[in-house]
Engineer: 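Submitted below is the structure of interest, expressed as structure tokens.
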Amino acid sequence: MPAIAPLQAIRYPRQNQSSLVAPPYDVLSVADKSRLIGRDGHNIVAVDLPHIPPKEAGPDAAYEAAAHTLRMWRETGVLQQDEKPALYAYQQTYTAGNATYKRRGFFCRVRLEDFGGKGGGEGMIHPHEQTFSGPKEDRLKLMRATQANLSPVFGLYDDPRNDVTDLLFEAVGQRKPDATAELPAMDEKGVITSDLWAVTDVAVIKDIQLMMADKDLYIADGHHRYTTSLNYRKELSAARGVPLHHNDPANFALFVCVAMQDRGLIILPTHRVLAAEGLENFYFEKFCEVAEPFGEILETQFRGDNLVGLERELINGSFGPHAIGVYDPVENKAVIFKPVSTDPLAGFLNDPQLKDKSPAWRQLDVAILQHLVFDRIIAPHFSKKDVNMSWAFPHEAHEVAVLTRTGGGEQYRVGFLLQPTPLTAVRDLCNANELMPQKSTFFYPKLATGLIINPLS
């Protein structure tokens, strides 16, 4: 793994930060930002989300205003910089299903390097999903203006015995968290509690650095943020005409590192709902009929008001590997589509999009949905000429029902419920230098923004 380093974080000095921190910028709407600032005008979104939506770059004035706000907060003491370099132990407590989890990790700086694998080199930092240019332009303009990492990249590493986090949390002991924040869960049926402790013991920090030295790092979330840091470093070096000094702050990015074997680490599915505007003469009976050569159709008793039950059965593996739930809002009916083959895409390797894909990549349910269900069942029989198919990516089963049933299927005509991508697939595909399709994983919960700010100057 690239070198990790402690940091003198810029933080809110208040212990209870529930009204000051926020979910990551890329899951927030205009209404979300207004609600958060309405609770406290010093909420981090006033700086971290200057332009909505952040999928594209906004006007320069928006980023300049964000930078001005950050400077004013530091000058007036709303934010303060810690006196000693630290690693920051981080624990999130949350519920999923009927279980309560505690996910442990730590904030640190990670030395930047180009991605390992295709398009990169032999580096030990690995992306797992494709990214797009718009969000990177937005984040780069914000980084230029603020000269700071406002939110962390989420990184995973292998640690079968959890030695790293065990050592870090032993150093924390029983002392009260330096900062605590509660945020509503995504389903608004609970809260996600974040607890933070600064660990300044030089010996402990050195031990953690040594333990992490040979570990690869896999980006779970924050690909755009990491790429933005690479672009920012390159830009600074070009402007100065020489490479940055080894210890220049811009040579590092803010991370939260979590062991893959942490008991609180889970992946939830990301479902799909297909937009009606790209479909023509779609009806459920015909879909089931044309799908039969490619897989088995299993009837279920699940309807729109209990798709959560279907999701639970899929997560539990009740229908076997590669089973996909298909929900029609017009019929208010759900079935299971099960491919006939254990390697459903192996028969289509003459397809240019598939010919270079490994057997492991072909086992991804998101790939099977795209290249079997969408490309070979939906598109030939139901796609509208000259209109591209498009879809949304709800994370929860009830969202599938809401999106497709609103307007009787006039906006989103059909929903597809997927099983979660296995955590081992993330690691194995990264090591094989392969990228997953976009929205293949959903690491729940998201990291809180605002607990730690990493200065880059």
Side-chain angles (χ1 to χ4, degrees), residues 115-119 126-131 156-158 160 216 218-221 223 260-261 265-274 291-298 310-326 335-379 389 391 393-395 397 400 415-444:
F115 285 130
K118 294 179 180 178
H126 306 275
H128 85 273
E129 286 186 344
Q130 299 168 349
T131 60
L156 304 175
Y157 62 93
D158 252 327
D216 284 61
Y218 308 94
I219 295 182
D221 197 12
H223 294 82
M260 286 188 174
Q261 294 80 10
L265 179 66
I266 64 172
I267 300 180
L268 296 182
T270 298
H271 307 306
R272 270 67 168 160
V273 288
L274 198 54
E292 282 186 353
F294 300 94
E296 183 180 5
I297 299 293
L298 304 178
L310 175 58
E311 180 183 56
R312 189 177 303 115
E313 293 292 311
L314 286 166
I315 291 174
N316 292 339
S318 300
F319 300 107
H322 307 315
I324 297 171
V326 187
V335 299
I336 294 293
F337 170 76
K338 285 191 66 174
V340 293
S341 168
T342 57
D343 190 357
L345 301 180
F348 309 112
L349 298 187
N350 59 338
D351 184 333
Q353 297 184 71
L354 298 175
K355 66 178 182 178
D356 295 326
K357 302 302 185 185
S358 69
W361 190 94
R362 298 198 307 265
Q363 290 293 309
L364 295 171
D365 286 356
V366 289
I368 293 167
L369 179 65
Q370 175 64 60
H371 296 286
L372 179 63
V373 178
F374 287 173
D375 290 354
R376 289 170 171 82
I377 298 173
I378 299 284
M389 284 194 296
W391 44 85
F393 303 94
H395 292 304
V400 174
F416 298 89
L417 292 91
L418 298 176
Q419 301 180 54
T421 298
L423 186 57
T424 53
V426 176
R427 180 193 60 206
D428 294 346
L429 287 169
C430 283
N431 288 338
N433 300 328
E434 285 193 283
L435 295 177
M436 293 182 175
Q438 189 194 27
K439 305 292 184 182
S440 293
T441 56
F442 178 45
F443 291 89
Y444 180 78

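It should be emphasised that the depicted structure is a prediction, and the values quoted were computed from it without experimental measurement.
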Engineer: Measure the spacing between CH2 of Trp361 and CG of Leu435 and express it to the nearest 0.5 Å.
Structural biologist: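 These two atoms lie 10.5 Å from each other.
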
Engineer: Calculate, to the nearest 0.5 Å, the distance between atoms CZ and CZ belonging to Phe337 and Phe294 respectively.
Structural biologist: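 Atom-to-atom, Phe337:CZ and Phe294:CZ are 8.0 Å apart.
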
Engineer: So, for Leu349 and Ala346, which heavy atoms are closest and what is the spacing to 0.1 Å?
Structural biologist: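 For Leu349 and Ala346, the tightest heavy-atom pair comes out as CG-O, 3.2 Å.
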
Engineer: Between Asn316 and Ser318 (side chain of the first, backbone of the second, donor and acceptor by atom type, cut-off under 3.5 Å), is there such a pair?
Structural biologist: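 No, the answer is negative, given that no donor and acceptor are paired below the 3.5 Å cut-off.
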
Engineer: Side chain to side chain contact (heavy atoms under 4.5 Å, CB included) between Tyr157 and Met260: does it pass, once the steps are laid out?
Structural biologist: CA-CA 6 Å; Tyr157 62 93; Met260 286 188 174; over 6 Å; no

Engineer: Assess the side chains of His322 and Gln419: does a donor N or O sit below 3.5 Å from an acceptor N or O?
Structural biologist: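 No pair is found: no donor N or O on one side chain lies under 3.5 Å from an acceptor on the other.
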
Engineer: For Leu364 and Ala425, which heavy atoms make the closest approach, and how far apart are they?
Structural biologist: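 Answer, listing the atom of Leu364 first, then Ala425: CD2-CB, 4.3 Å.
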
Engineer: Specify the closest pair of heavy atoms between Ser358 and Leu429, including all atoms of both residues, with the distance to one decimal.
Structural biologist: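 It is OG-CD2, 4.0 Å.
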
Engineer: Check whether any side-chain heavy atom of His271 sits under 4.5 Å from a side-chain heavy atom of Glu311, and report yes or no.
Structural biologist: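 A side-chain contact under 4.5 Å exists here.
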
Engineer: Would you call Asp343 and Arg362 a side-chain contact if the rule is heavy atoms closer than 4.5 Å?
Structural biologist: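 When only atoms from C-beta onward are counted, Arg362 and Asp343 do touch, with a gap below 4.5 Å.
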
Engineer: Could you measure the distance from the CG atom of Leu345 to the CD atom of Gln363? Nearest 0.5 Å is fine.
Structural biologist: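 Nearest 0.5 Å value for the CG-CD distance: 8.5 Å.
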
Engineer: Kindly compute the distance separating CG (Leu423) from CZ (Phe443), expressed to the nearest 0.5 Å.
Structural biologist: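 With rounding to 0.5 Å, CG (Leu423) is 5.5 Å from CZ (Phe443).
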
Engineer: Is it true that a side-chain atom of Thr270 and a backbone atom of Phe393 form a donor plus acceptor pair closer than 3.5 Å?
Structural biologist: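 No, because the side chain of Thr270 does not come within donor-acceptor range (under 3.5 Å) of the backbone of Phe393.
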
Engineer: Among Ile297, Val373, Val335, whose side-chain contact (heavy atoms from CB on, under 4.5 Å) with Val326 holds?
Structural biologist: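 By the side-chain contact (heavy atoms from CB on, under 4.5 Å) criterion, Val326 pairs with just one of Ile297, Val373, Val335: Val335.
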
Engineer: Nearest 0.5 Å, please: how far is CG in Leu418 from CZ in Phe442?
Structural biologist: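 Here the rounded value is 14.0 Å.
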
Engineer: For Phe348, does the six-membered ring have the charged nitrogen or CZ of Arg376 within the cation-pi criterion, i.e. under 6.0 angstrom from the centroid and within 45° of the normal?
Structural biologist: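 Cation-pi check for Arg376 and Phe348: passes.
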
Engineer: Which distance, rounded to the nearest 0.5 Å, do you find between the CG of Leu298 and the NZ of Lys338?
Structural biologist: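 The CG atom of Leu298 sits 6.5 Å away from the NZ atom of Lys338.
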
Engineer: Closest approach of Leu314 and Gly325, non-hydrogen atoms and distance?
Structural biologist: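 Reported closest heavy-atom pair: CD1-N, 4.0 Å.
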
Engineer: On a heavy-atom basis, which atom in Arg272 and which in Gln438 lie closest, and how many Å separate them?
Structural biologist: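 Closest heavy-atom pair between Arg272 and Gln438: NH2-O, 3.2 Å.
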
Engineer: Under the criterion side chain to side chain contact (heavy atoms under 4.5 Å, CB included), I'd like the reasoning laid out for Lys439 against Val366: C-alpha separation, chi angles, the key distance, then a yes or no.
Structural biologist: CA-CA 8 Å; Lys439 305 292 184 182; Val366 289; over 6 Å; no

Engineer: Are Trp391 and Leu369 close enough, and set up right, to give a side chain to side chain contact (heavy atoms under 4.5 Å, CB included), and what steps lead you there?
Structural biologist: CA-CA 12 Å; Trp391 44 85; Leu369 179 65; over 6 Å; no

Engineer: Nearest heavy-atom pair of Val400 and Pro394: which atoms, and what distance?
Structural biologist: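 So the two residues come closest at CG2-CG, 3.7 Å.
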
Engineer: Are any of the side-chain heavy atoms of Phe319 and Leu310 separated by less than 4.5 Å?
Structural biologist: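 They are in side-chain contact.
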
Engineer: Please determine whether side chain to side chain contact (heavy atoms under 4.5 Å, CB included) holds for the pair Arg427 and Leu156, giving the CA-CA distance in whole Å, both sets of side-chain angles, and the decisive distance to 0.1 Å.
Structural biologist: CA-CA 9 Å; Arg427 180 193 60 206; Leu156 304 175; over 6 Å; no

